[in-house]
**Q** 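Can you keep this structure in mind? I'll have questions shortly.
Sequence lines set the chain letters: A, B, ... in the order given, protein chains first and strands last, and positions in each chain run from 1. Please read these numbers as outputs of a predicted model, since none were measured by experiment.
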Number of protein chains: 4
Amino acid sequence: MARPKSDDKHNALLLAAEQVFAQRGLAAAPTSAISKQAGVAEGTLFTYFRTKDELVNALYRAIKLDLADALMTRFPRTGPVRDRLEYLWDAFVDWGVANPQRLNVLDQLSVADRVSEESKAVGYEPFAEIEALAQHSIETGVLHAYPVAFIAATMKSMAETTMAFMTQYPAEAGQYRTIGFKVFWSGIACNTDS
Amino acid sequence: MARPKSDDKHNALLLAAEQVFAQRGLAAAPTSAISKQAGVAEGTLFTYFRTKDELVNALYRAIKLDLADALMTRFPRTGPVRDRLEYLWDAFVDWGVANPQRLNVLDQLSVADRVSEESKAVGYEPFAEIEALAQHSIETGVLHAYPVAFIAATMKSMAETTMAFMTQYPAEAGQYRTIGFKVFWSGIACNTDS
Amino acid sequence: MARPKSDDKHNALLLAAEQVFAQRGLAAAPTSAISKQAGVAEGTLFTYFRTKDELVNALYRAIKLDLADALMTRFPRTGPVRDRLEYLWDAFVDWGVANPQRLNVLDQLSVADRVSEESKAVGYEPFAEIEALAQHSIETGVLHAYPVAFIAATMKSMAETTMAFMTQYPAEAGQYRTIGFKVFWSGIACNTDS
Amino acid sequence: MARPKSDDKHNALLLAAEQVFAQRGLAAAPTSAISKQAGVAEGTLFTYFRTKDELVNALYRAIKLDLADALMTRFPRTGPVRDRLEYLWDAFVDWGVANPQRLNVLDQLSVADRVSEESKAVGYEPFAEIEALAQHSIETGVLHAYPVAFIAATMKSMAETTMAFMTQYPAEAGQYRTIGFKVFWSGIACNTDS
DNA sequence: AATGAATGAGGATTCATTCAT
DNA sequence: GATGAATGAATCCTCATTCAT
């Protein structure tokens, strides 16, 4: 018996949770609303996720995985550092603008204490390669010798700021995307031109 | 007047709310816990704040006001732009590191939909001067011609990132403070040396 | 020190209670709303009436007294029974139509269990004379030999029905007043003409 | 379907509400007392009635339906008007005397503003036939040409007065029932003998 | 006496979770 | 496995009453 429970329902519940969290906020989202949105009975939710917390954590990981997929799948493993980082940047903000609801929920979950440390660690893993890139770039003198975690966090927070403006002013989205990266790159690169 | 409404209790409730929100999260903070923490009866909370939402909004404004006081009171109205911005940066991150709980709650409140748009507008007002400085600096060619709101948002998000690291690694707090500002300044200034 | 407390406030509170009960219903009328309507502090209500129940009972008695005044002050002690009963009838329904709010509250209070049996007895007393008239009329063969209490209750309930119609259809108020009495009189009199 | 919503519990809650309202009064009847009386959990009440108001309205309709059943099911559609009205009268007062608690609650509900106009309209419908009978009787000269609504209201209020006496003096219940109808009939009929 | 802040029990309703069907 | 009724603790808020001022 490989997997008796339906993948469809599992995913429907995750998607429903995302929608409900986006609409009503993580705090004010009863499980009943989630199961309703997913088109299943209230009790069914609990055969797929033992508790609400488990659902929340699963959703966090799913979103992070989706994001990782968007960033890392076609990530160029060669070429100039600037180009490779810009690839990540564009992939990130494009993902955020294309999935504003998902981004919104990710923001909520990142602050919520319902998400366990373990989930955060798991969610971070796919992005470790970025830190490796940063580490290498520091050693080759392309980036300033700041802690890599700090560089990664800077990238994340600046990208999120950028996404917020892109979402708010869709007409200028392209400009914000460019500006955002320039600010970020200028902040961390030794030689801005490279 | 009989027993005048006491400022002490008003403040005690605000402080208690901050503590309880920090410990248990905005979502899971019953008013009963807040009144208990404040040392008053459950009903008393509602003579000072008609609803929980009103308390939340009052707390948001109070924290913003406190932050504004920390940043703007001694803010130098003259001198090089870089120095003036660095003053703000230092004041901001020092405040955040000195009041981690308050900062945490501010972050929670900034995302929460319990905080009204009006409160956000009121909370933002004292910081308008920063945007004015940015605007002036753009016109004099000191800063890049990016939208001032974007520059302000960048400053905020980078400072928060910096604070997170300062809090997590207190031993290197000073270094992070410096690094953070350098990254920010390099990102927005036309001539990095100025 | 005959009466240190002010009659004005006493009456203002009774009047306020009447208004608030009429507007919001006896059940949903907080004492705070009553004191506010009366223009006094919340605590003041309790120096005039020890409890809410005491206020309710006092109001019941006051309304009954007012009604008794309207009915009995000029009540003709001589003349044909029919005329004397019609006098009462007219006085009753005219009072009700002139004071619809007071009548409404009286109806609410008559059903409420907050009003004590003692209050009901006290409230009934001024109307005892009506029963005496009925008793006499039975003995002289003018009215049917039904229990006097039943005749009195019949008069009351029919008058209230009549008032409801007079209030609802003010244009035909006069006709309902006449019809109502005719129905009542025909029901209890041996000889309808007398 | 999992566990179907049980008619038993629905009725148990309605009955419990009736009992609790009768004992404690509509105003002072917490839902917790009702669910306890019904033998269900506090939350269960709200799976059968979304709000307390909905329960109150459902109870009002149920009582009215029960009363309608008692009056109208075997109501003779032919025969002398007097006999037909007397049938209704007897059915009404017998029902009231047999169900004093239900009658008491009906009285409370009839005054309460928790009962919606819609419920009142629905509750009145089954009795419309009585007004039709009155209308017909007026046209054939059996009853006085008073507004039918007024006649109906007279019947109701006199019957309730009668019931009060029957309940208070059970030994003379039969006599009050007869007297009551005679008073009513004499009040409205053109020819008392018919 | 007048005021209105303080109190805390109580009330309607919600909700995560369980379990009978 | 799916369903949704059942549960009862928890929550925000109200309110009659008390009492410090």
Side-chain angles (χ1 to χ4, degrees), chain A residues 1 3-6 9 27-36 39-56, chain B residues 1-6 9-10 27-36 38-55, chain C residues 1 3-6 9 27-36 39-56, chain D residues 1-6 9-10 27-36 38-55:
Chain A
M1 187 180 58
R3 186 187 291 259
K5 300 179 205 164
S6 128
K9 279 180 187 154
T31 54
S32 61
I34 296 169
S35 41
K36 189 174 187 179
V40 303
E42 288 188 35
T44 302
L45 187 153
F46 292 91
T47 75
Y48 287 87
F49 305 95
R50 268 179 324 199
T51 66
K52 191 183 186 183
D53 270 17
E54 198 170 299
L55 167 63
V56 167
Chain B
M1 204 187 343
R3 209 179 317 185
K5 231 180 276 189
S6 118
K9 272 176 193 150
H10 183 96
T31 54
S32 61
I34 296 170
S35 43
K36 191 174 191 179
V40 302
E42 288 190 32
T44 302
L45 187 153
F46 295 93
T47 77
Y48 288 86
F49 305 95
R50 267 178 324 202
T51 63
K52 191 184 184 183
D53 270 18
E54 197 170 301
L55 167 62
Chain C
M1 185 181 56
R3 183 187 295 260
K5 299 179 207 167
S6 128
K9 280 183 187 152
T31 53
S32 61
I34 297 169
S35 42
K36 188 175 188 181
V40 302
E42 287 187 35
T44 302
L45 187 152
F46 292 91
T47 75
Y48 288 86
F49 306 95
R50 266 178 326 197
T51 65
K52 191 184 185 183
D53 270 16
E54 197 170 300
L55 168 62
V56 166
Chain D
M1 202 187 345
R3 210 177 318 184
K5 232 180 274 186
S6 115
K9 273 176 192 151
H10 184 94
T31 54
S32 61
I34 296 169
S35 42
K36 191 174 188 177
V40 301
E42 289 191 31
T44 301
L45 188 152
F46 293 93
T47 78
Y48 287 87
F49 305 96
R50 266 177 326 201
T51 64
K52 191 183 185 182
D53 270 17
E54 198 171 299
L55 167 61

**Q** State which of F:dT7, E:dC15, F:dA2 makes the closest approach to the side chain of A:Pro30.
**A** E:dC15

**Q** Heavy atoms from C-beta onward define the side chain here; which of E:dG8, E:dA16, E:dA12 lies closest to that of A:Thr31?
**A** E:dA16

**Q** B:Ile34 CD1 to F:dC13 C1': how many Å, rounded?
**A** 13 Å

**Q** Report the distance from atom OH of B:Tyr48 to atom P of F:dC13, rounded to the nearest whole Å.
**A** 18 Å

**Q** Of all the nucleotides listed (F:dT7, F:dT3, E:dA16), which has the minimum atom distance to the side chain of D:Val40?
**A** F:dT7

**Q** Suppose we define a pair by two distances each less than 3.5 Å, Watson-Crick or G-U wobble; what does F:dT21 pair with here?
**A** E:dA2

**Q** Rounded to whole Å, how long is the line connecting atom CD of B:Glu42 with atom C1' of E:dG11?
**A** 13 Å

**Q** Please name the nucleotide paired to F:dT14 by Watson-Crick or G-U wobble geometry with both distances under 3.5 Å, or report none.
**A** E:dA9

**Q** Can you tell me the distance, in whole Å, between the CZ atom of C:Arg50 and the C1' atom of E:dA1?
**A** 17 Å

**Q** Tell me the interatomic distance from C:Leu45, atom CG, to E:dT3, atom C1', rounded to whole angstroms.
**A** 13 Å

**Q** Side chain of B:Thr44 only, please: which of F:dC12, E:dA6, F:dA6 is the nearest?
**A** E:dA6

**Q** The side chain of D:Lys52 is closest to which nucleotide in this list: E:dT13, E:dG4, E:dG8?
**A** E:dT13

**Q** Please give, in whole Å, the distance from E:dT13 C1' to D:Asp53 CG?
**A** 13 Å

**Q** To the nearest Å, how far apart are D:Leu55 CG and E:dA12 P?
**A** 11 Å

